[in-house]
Every structure is written in structure tokens, then in C-alpha cells.
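Below: one structure, written as C-alpha cells.
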Amino acid sequence: MVANPNNDLFDFYYAQEVMTNPLLVARANKTHLLLGQNLGRWYQLTLENGEITKLEHFKQAPVLKQGWGLQKLHFEQLKKRPAHEEPYPF
């Protein structure tokens, strides 16, 4: 996994929710992105060939870049976002 000095032990703990219940799953080639939210923080996991290669966290949902195909989107869960956040980026 790519080292990220901004991640701490709690990030890895809360990222478990993203693994078990992602709000969004996107795919490009053999790479998957899983996006979820826990305690007001957004987590994005990158999986390549079935292994986690990257964990990032954001204050607001990150923009899904061009070239990614949506595989799963839980819109009802995403509607529960705090009202002060910007419109959906995907």
C-alpha cells in the first residue's frame, strides 16, 4: 500500500466501513475505487488486482475522474450528506 503520512490508525479503522458498505464503486481496467463516509470524513480506497493499494481521506467527497465507470451507487445513502457540503461531484 502507498504510504500516506496523513493517515492514522483511526483512518484505517473507519475505512473498514468503506470496504463492507461502499457508497460508490467505480472501475477502470483492473482498478476499483470504493468511496464511503464515516464520521463526516470521506474515504477512498483503491484496489488493484484485489489488493488495497491506497487509502485517502477527504473533508468533502472527491470528484470522480474521467474514465471511471460506475458499478454501484447508493444514492439514498448519499442524500444523507450534511447540507453544508457542495453538490454531488459524480
Side-chain angles (χ1 to χ4, degrees):
M1 177 146 63
V2 176
N4 184 345
N6 294 324
N7 291 336
D8 57 26
L9 186 58
F10 291 110
D11 291 321
F12 289 100
Y13 178 77
Y14 292 129
Q16 292 178 73
E17 178 71 20
V18 177
M19 286 293 295
T20 58
N21 192 20
L23 298 177
L24 175 133
V25 177
R27 181 177 178 190
N29 297 322
K30 292 184 178 183
T31 303
H32 289 79
L33 285 181
L34 283 75
L35 183 68
Q37 187 180 35
N38 200 335
L39 295 176
R41 192 178 256 189
W42 288 88
Y43 291 94
Q44 178 176 296
L45 293 171
T46 303
L47 286 80
E48 293 180 8
N49 298 319
E51 293 187 20
I52 299 172
T53 57
K54 193 184 227 183
L55 167 62
E56 296 179 273
H57 63 270
F58 309 91
K59 291 182 180 179
Q60 294 189 354
V63 175
L64 187 61
K65 295 178 181 158
Q66 199 170 21
W68 290 92
L70 284 180
Q71 290 190 306
K72 181 172 150 184
L73 177 63
H74 289 292
F75 192 72
E76 292 302 315
Q77 290 292 325
L78 287 170
K79 285 197 305 189
K80 296 178 182 178
R81 291 166 34 125
H84 68 276
E85 287 193 11
E86 293 180 16
Y88 300 106
F90 32 76

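The structure displayed is predicted, hence computed values, not measured ones.
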Exercise for the section: Test Val63 against Phe58 for side chain to side chain contact (heavy atoms under 4.5 Å, CB included), laying out the working first. Expected result: CA-CA 11 Å; Val63 175; Phe58 309 91; over 6 Å; no
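Counting all heavy atoms, side chain and backbone alike, Leu23 lies closest to Gln37 at CD1-N, 4.0 Å. The minimum heavy-atom distance linking Leu55 with Tyr43 is given by the pair CD1-CD2, 4.0 Å.
Arg41 meets the salt bridge (charged side-chain N to carboxylate O under 4.0 Å, His left out) test with Asp11; sequence neighbours excluded.
Taking CD of Gln44 as the start and NZ of Lys54 as the end, the distance is 7.5 Å to the nearest 0.5 Å. If you take CG on Asn49 and NE2 on His32, they are separated by 10.0 Å, rounding to the nearest 0.5 Å. Rounding to the nearest 0.5 Å places CD of Glu51 at 9.0 Å from OG1 of Thr53. Residue Leu33 holds its CG atom at 5.0 Å from OG1 of Thr46, rounded to the nearest 0.5 Å. Interatomic distance, Leu39 CG to Glu17 CD, rounded to the nearest 0.5 Å: 9.5 Å.
At least one side-chain heavy atom of Thr31 sits under 4.5 Å from a side-chain heavy atom of Trp68.
When Val25, Leu45, Leu24 are each tested for a side chain to side chain contact (heavy atoms under 4.5 Å, CB included) with Leu35, only one passes: Leu24.
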